[in-house]
Number of protein chains: 2
Amino acid sequence: MSPLPEPPYYAVIFTSQRTPADESGYGGAADRMLELAAEQPGYLGVEGARGDDGLGITVSYWRSPDDIAAWRRNAEHRIARDHGRSDWYSRYTLRVAKVERAYAWQRDDGLKDPQA
Amino acid sequence: MSPLPEPPYYAVIFTSQRTPADESGYGGAADRMLELAAEQPGYLGVEGARGDDGLGITVSYWRSPDDIAAWRRNAEHRIARDHGRSDWYSRYTLRVAKVERAYAWQRDDGLKDPQA
């Protein structure tokens, strides 16, 4: 789960349907993109889930639209996007949204996690 | 995958960690909430995924903040939220965000889907 900074900030909601069988480096590339994104200016966090039906949602959080645009121009990210379209995804949607309100709830069981 | 209306509209990004074992009606209640949400004024769509680690992301889309507030006040939805906190989730975050830009890509393989 991603940290919860004080709004406003920006979310990139990436919803994708994986191709049924083609692995061809997907896992390694996805991990590498998470690692690379975390090094970018304005990066605030990421969270993702993919179900057994192959539908996945990844939400990354950024300080500003300019930070998102810069990440979009990143050369290694461009190459990964090309692979995504040629091999890994049958379709996807991408939405850029300004987070206006945010809150967290956590079970009170003694668990400590400053990011929850 | 949810339809892609013309921005601006609103997204509710709900990220949740499921409790390890407690099923106690979760699946039926989750299905019922999707059904009920779809009947509310201003509802535009929903998409969700949950991975094997129990982390799930559900994003619902709404015409306006007032529509989200009305759904939040829905009595049956309130009861489900109480169950969520008592039984189903160990933690969650909720973010309300204004979608400013959106686009879709789909593999050109003859598949037809007007929502993609």
Side-chain angles (χ1 to χ4, degrees), chain A residues 1-5 7-19 22 45-59 61 65 68-69 72 81 84-109 111 113 115-116, chain B residues 1-5 7-19 22 45-59 61 65 68-69 72 81 84-109 111 113 115-116:
Chain A
M1 220 171 276
S2 177
L4 207 69
Y9 53 95
Y10 281 79
V12 178
I13 306 166
F14 178 71
T15 302
S16 61
Q17 183 67 50
R18 283 277 281 121
T19 43
D22 190 347
V46 69
E47 53 202 9
R50 188 173 302 279
D52 294 333
D53 57 358
L55 185 76
I57 301 179
T58 303
V59 189
Y61 298 101
I68 295 169
R72 190 173 152 76
R81 289 205 302 276
R85 284 186 290 262
S86 63
D87 299 325
W88 302 322
Y89 301 125
S90 58
R91 53 181 182 153
Y92 61 74
T93 60
L94 189 144
R95 293 173 173 93
V96 177
K98 184 180 187 178
V99 178
E100 299 181 345
R101 294 190 293 119
Y103 72 87
W105 173 85
Q106 181 169 355
R107 184 174 295 277
D108 182 17
D109 57 359
L111 191 72
D113 184 344
Q115 296 194 348
Chain B
M1 219 171 275
S2 178
L4 207 68
Y9 52 96
Y10 281 79
V12 178
I13 307 166
F14 177 72
T15 302
S16 60
Q17 182 66 53
R18 284 277 281 122
T19 43
D22 190 346
V46 69
E47 52 201 10
R50 189 172 302 278
D52 295 334
D53 58 358
L55 185 76
I57 301 178
T58 302
V59 190
Y61 297 101
I68 295 169
R72 190 172 151 75
R81 289 206 302 278
R85 284 187 290 264
S86 63
D87 298 325
W88 302 323
Y89 301 125
S90 58
R91 54 181 180 151
Y92 61 73
T93 59
L94 189 144
R95 293 173 173 92
V96 177
K98 183 180 188 179
V99 177
E100 299 181 345
R101 294 190 293 118
Y103 72 86
W105 173 86
Q106 181 171 354
R107 184 174 295 278
D108 181 17
D109 57 1
L111 190 71
D113 184 343
Q115 297 194 347

| Backbone N or O of R107(B) within a donor-acceptor pair of the R91(A) side chain at under 3.5 Å? |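 No; judged by distance alone, with no hydrogens or angles, the pair does not exist.
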
| Side chain of R50(A), backbone of G51(B): donor and acceptor closer than 3.5 Å? |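 Looks like no, no N/O pair under 3.5 Å.
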
What is the distance from atom [atom1] of [X] to atom [atom2] of [Y], rounded to the nearest 0.5 Å?
X: S90(A); Y: W105(B); atom1: OG; atom2: CH2; result: 7.0 Å
X: Q106(A); Y: Y89(B); atom1: CD; atom2: OH; result: 15.5 Å
X: T15(B); Y: M1(A); atom1: OG1; atom2: CE; result: 6.0 Å

With only heavy atoms counted, which part of [X] is less than 4.5 Å from chain A, the side chain, the backbone, both or neither?
X: R85(B); result: both
X: I13(B); result: side chain
X: Y61(B); result: side chain

| request: Might you point out which heavy atoms bring A97(B) and A97(A) nearest each other, and give the distance in Å? | output: CB-CB, 3.6 Å

| Looking only at heavy atoms, what is the nearest atom pair of G56(A) and A49(B), with distance? | CA-CB, 4.2 Å

| query | Would a 4.5 Å heavy-atom cut-off, applied to side chains only, mark I57(A) and V59(B) as touching? | reply |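 A side-chain contact under 4.5 Å exists here.
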
| field | Heavy-atom neighbours of D52(B) CG exceed 12 at 6.0 Å | value | no

| Under the 6.0 Å and 45° cation-pi test, does R95(A) pair with Y103(B)? | no

